[in-house]
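Here's the structure we're looking at; comments come further down.
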Number of protein chains: 2
Amino acid sequence: MAPPEVATAVGKSLTGKGARTRARILECALELFRERGYDDTTMRTIAERAGVSLGNAYYYFKSKEHLIQGYYARSHEEHLAVCGPLLEAEVDLEARLRGVLRAKIDTSAEYHRFAGVLFKTAADPESPLSPFSAESLPTRRQVTALMGEVVEGSDVKVTEPLAEELPHLLWLYLMGIILFWIHDRSPATSQTYRLIEHTSSLVTRLIKMGRHPLLRPLTTSTLKLLREFRDEVKSPATDDASTPP
Amino acid sequence: MAPPEVATAVGKSLTGKGARTRARILECALELFRERGYDDTTMRTIAERAGVSLGNAYYYFKSKEHLIQGYYARSHEEHLAVCGPLLEAEVDLEARLRGVLRAKIDTSAEYHRFAGVLFKTAADPESPLSPFSAESLPTRRQVTALMGEVVEGSDVKVTEPLAEELPHLLWLYLMGIILFWIHDRSPATSQTYRLIEHTSSLVTRLIKMGRHPLLRPLTTSTLKLLREFRDEVKSPATDDASTPP
DNA sequence: CTTCTTTGTTGAACGTGTTCAATTAATGGG
DNA sequence: CCCATTAATTGAACACGTTCAACAAAGAAG
């Protein structure tokens, strides 16, 4: 099988020159996004800075929105890289959870400025950038796995019915934090960090209480609900993934 | 004080002719949105069907997105109208909650097709259409009040620390349901109705358990958190509300 | 009625995302 | 080396959202 090369707008794989051009375009785009935000960055400007023609930018990126996917991929990798050592050094569940959440915000800080537009496009269920879309399933899986590691590598033992769903719940929790972060206008998004502080404690306590007999019926219903609905929101079409000529 | 007339794009009030033109434009816009969706509806088409010039449409609506606010207002009124009789006839908390949620989905059904774009623009924190924005505060307050009525008019007595925050929590719950609905691709969004069925039961049980001594510390922390953060996400600027010449 | 101000309306123009037929490099087989 | 096929690249064109200077209609003031 071929090495996992980046895909072009037309669905072909790239090696050598093409890949370099593509990377250059993405680089300039993200640079400009940071400098002046998403809306004030023109495809023409991106092309110009990258030293290519306008049409050429569209050869590598199907649309302006698709440039955002480049950001996602990068941010995600960075997050994983930071979390690795963190999860090796810590066993306390709350600390692990807090660390992973903080890391996500830390690595995204530079892009907080255009996070709004980012989320805006991500919110559209038709968009391949939606966190629920089929196209972002691989990334979602990785993050869910990361959350699983957060729990499993900790000193808290989680029994089976919860254990299966918990990673998905924590993924959802992370999404909520990001949603808050996007709307956070406090200096250096300090409110988000405070929110992480408080909620991670709360969530940890909830997890530890999960086994309590009094909560049993509630926990059971909730888990049943999750299992049932988790995969119902599967993306509908994404029919334009490959464009047969 | 003047009667609460609709506002134009330039912030003036309207009476008579202007109001009629504005209403006609909105009418045609929503009609077209239903017919062919948001993206495939052109401002030029809207203007044409409404029998006005392109520029004139922009005299009454600052942007294409602002037409969506017209939809919001209408949908919201409809929801309130349906909920009124419903809340008078029912005292069971779960039934009341379920009814209000169902009503929201029912009244929105016609627009499910372009709900994605709708949510997309709403998700942008800079947008005045964001449910968290200052511009939608009045509507949010009304829905929160509605949720308060759901609880207060029921046969379940909720004591004070929870009572204050519960309406806001239920508002958030409604937002979650809407988010699911937007992504729901099942026929007639039946999955959303099932989700309402299940979660309303779950939420009701949670409310009833709120007072239990075992959960006390958790409830307290959660409520403290909510009080602290609820109004932190206050919209930042909305500086372009009035355009001083 | 005339004049001034406010309100309503127009059509042309601009900028931007996107598409596409055409053109030039790169690659590989004979 | 030449040719054919694919990969890259171009620039012009299109459609749409949005802006704006200008104009018309409607009231208000004298």
Side-chain angles (χ1 to χ4, degrees), chain A residues 2 5-26 28-29 32-33 36-68 117 120-121 124 127-129 240 243 245, chain B residues 2 5-26 28-29 32-33 36-68 117 120-121 124 127-129 240 243 245:
Chain A
E5 291 288 345
V6 276
T8 99
V10 278
K12 304 287 178 73
S13 279
L14 300 172
T15 87
K17 188 182 179 192
R20 257 178 291 125
T21 311
R22 193 194 130 101
R24 187 152 32 90
I25 294 171
L26 179 58
C28 295
L32 284 159
F33 289 165
R36 40 176 109 167
Y38 182 80
D39 282 328
D40 289 344
T41 300
T42 293
M43 284 301 279
R44 287 170 175 80
T45 316
I46 295 171
E48 189 186 13
R49 183 173 293 195
V52 297
S53 76
L54 177 59
N56 197 228
Y58 278 93
Y59 180 74
Y60 290 103
F61 295 92
K62 204 156 49 182
S63 74
K64 191 180 176 186
E65 280 192 12
H66 276 74
L67 281 164
I68 298 180
V117 193
K120 177 177 168 164
T121 65
D124 183 1
S127 168
L129 283 84
D240 54 345
T243 30
Chain B
E5 292 289 345
V6 278
T8 101
V10 276
K12 302 291 177 72
S13 280
L14 301 172
T15 89
K17 189 183 179 191
R20 256 177 292 127
T21 310
R22 192 194 131 102
R24 187 153 32 91
I25 294 171
L26 179 58
C28 296
L32 285 160
F33 288 166
R36 40 176 110 167
Y38 182 81
D39 281 329
D40 288 345
T41 300
T42 292
M43 284 301 279
R44 287 170 175 79
T45 316
I46 296 171
E48 189 185 11
R49 184 174 289 197
V52 297
S53 75
L54 177 60
N56 196 228
Y58 278 94
Y59 180 73
Y60 290 104
F61 295 93
K62 205 156 48 181
S63 76
K64 192 180 177 186
E65 281 192 11
H66 276 74
L67 282 163
I68 298 179
V117 194
K120 176 178 168 162
T121 64
D124 183 1
S127 167
L129 282 84
D240 55 343
T243 29

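Labels below follow one simple rule: chain letters A, B, ... track the order of the sequence lines, proteins then strands, and each chain is numbered from 1.
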Using atom [atom1] of [X] as one end and atom [atom2] of [N] as the other, report the distance to the nearest whole Å.
X: A/Tyr38; N: C/dT16; atom1: OH; atom2: P; result: 14 Å
X: A/Lys62; N: C/dG17; atom1: NZ; atom2: C1'; result: 15 Å
X: B/Glu65; N: D/dG17; atom1: CD; atom2: C1'; result: 11 Å
X: A/Arg20; N: C/dA26; atom1: CZ; atom2: P; result: 11 Å
X: A/Asn56; N: C/dT23; atom1: CG; atom2: C1'; result: 13 Å
X: B/Arg22; N: C/dT7; atom1: CZ; atom2: P; result: 16 Å
X: B/Tyr58; N: C/dA13; atom1: OH; atom2: P; result: 18 Å
X: A/Leu32; N: C/dG17; atom1: CG; atom2: P; result: 12 Å

Quick one: CG on A/Leu67 to NZ on A/Lys64, what's the gap to the nearest 0.5 Å?
-> 9.0 Å
Compare every heavy atom of A/Ile25 with every heavy atom of A/Ala57, then report the nearest pair and how far apart it is.
->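 Shortest heavy-atom contact: CA-CD1, 3.9 Å.
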Does a side-chain heavy-atom distance below 4.5 Å link A/Arg22 with A/Tyr59?
->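 A/Arg22 does not reach A/Tyr59 side chain to side chain.
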Would you mind reporting whether A/Phe61 and A/Leu26 have side-chain heavy atoms less than 4.5 Å apart?
->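 Side-chain contact under 4.5 Å: yes.
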Just N and O in the side chain of [X]: are any of them under 4.0 Å from OP1 or OP2 of [N]?
X: B/Ser53; N: C/dT9; answer: no
X: B/Tyr59; N: C/dT9; answer: no
X: B/Tyr60; N: C/dT9; answer: yes
X: B/Thr21; N: C/dT9; answer: yes

Please identify each residue that fulfils side chain to side chain donor-acceptor pair (under 3.5 Å) with B/Ser63, with sequence neighbours left out.
-> B/His66
Side chain to side chain donor-acceptor pair (under 3.5 Å) against A/Arg49, all qualifying residues, sequence neighbours excluded = A/Glu31, A/Glu35
Please give the angle, rounded to 10 degrees, between the axes at the start and the end of the helix from C/dC1-D/dG30 to C/dG30-D/dC1, where five pairs define each axis.
->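 About 10°, once rounded to a multiple of 10°.
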Using the closest heavy atom to pick a nucleotide of DNA chain C for each, name whichever of A/Thr41 or A/Gly55 lands nearer the 5' end.
-> A/Thr41
From the list C/dT16, D/dT18, C/dT9, which nucleotide is the closest neighbour of the side chain of B/Met43?
->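 The nucleotide sitting nearest to the side chain is D/dT18.
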Which residues pass the ring pair (Phe, Tyr, Trp, His ring centres under 6.0 Å) test with A/Tyr38, sequence neighbours left out?
->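 Here the qualifying residues are A/Phe33.
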Return all side-chain donor-acceptor pairs below 3.5 angstrom for residues 39-47 of chain A, not counting sequence neighbours, or 'none' if the list is empty.
residue: A/Thr41; atom: OG1; partner: A/Leu32; partner atom: O; Å: 3.4
residue: A/Thr41; atom: OG1; partner: A/Gly37; partner atom: O; Å: 2.6

For DNA chain C, which residues in residues 44-52 of chain B have a heavy atom at a distance below 4.0 Å?
-> B/Arg44, B/Val52
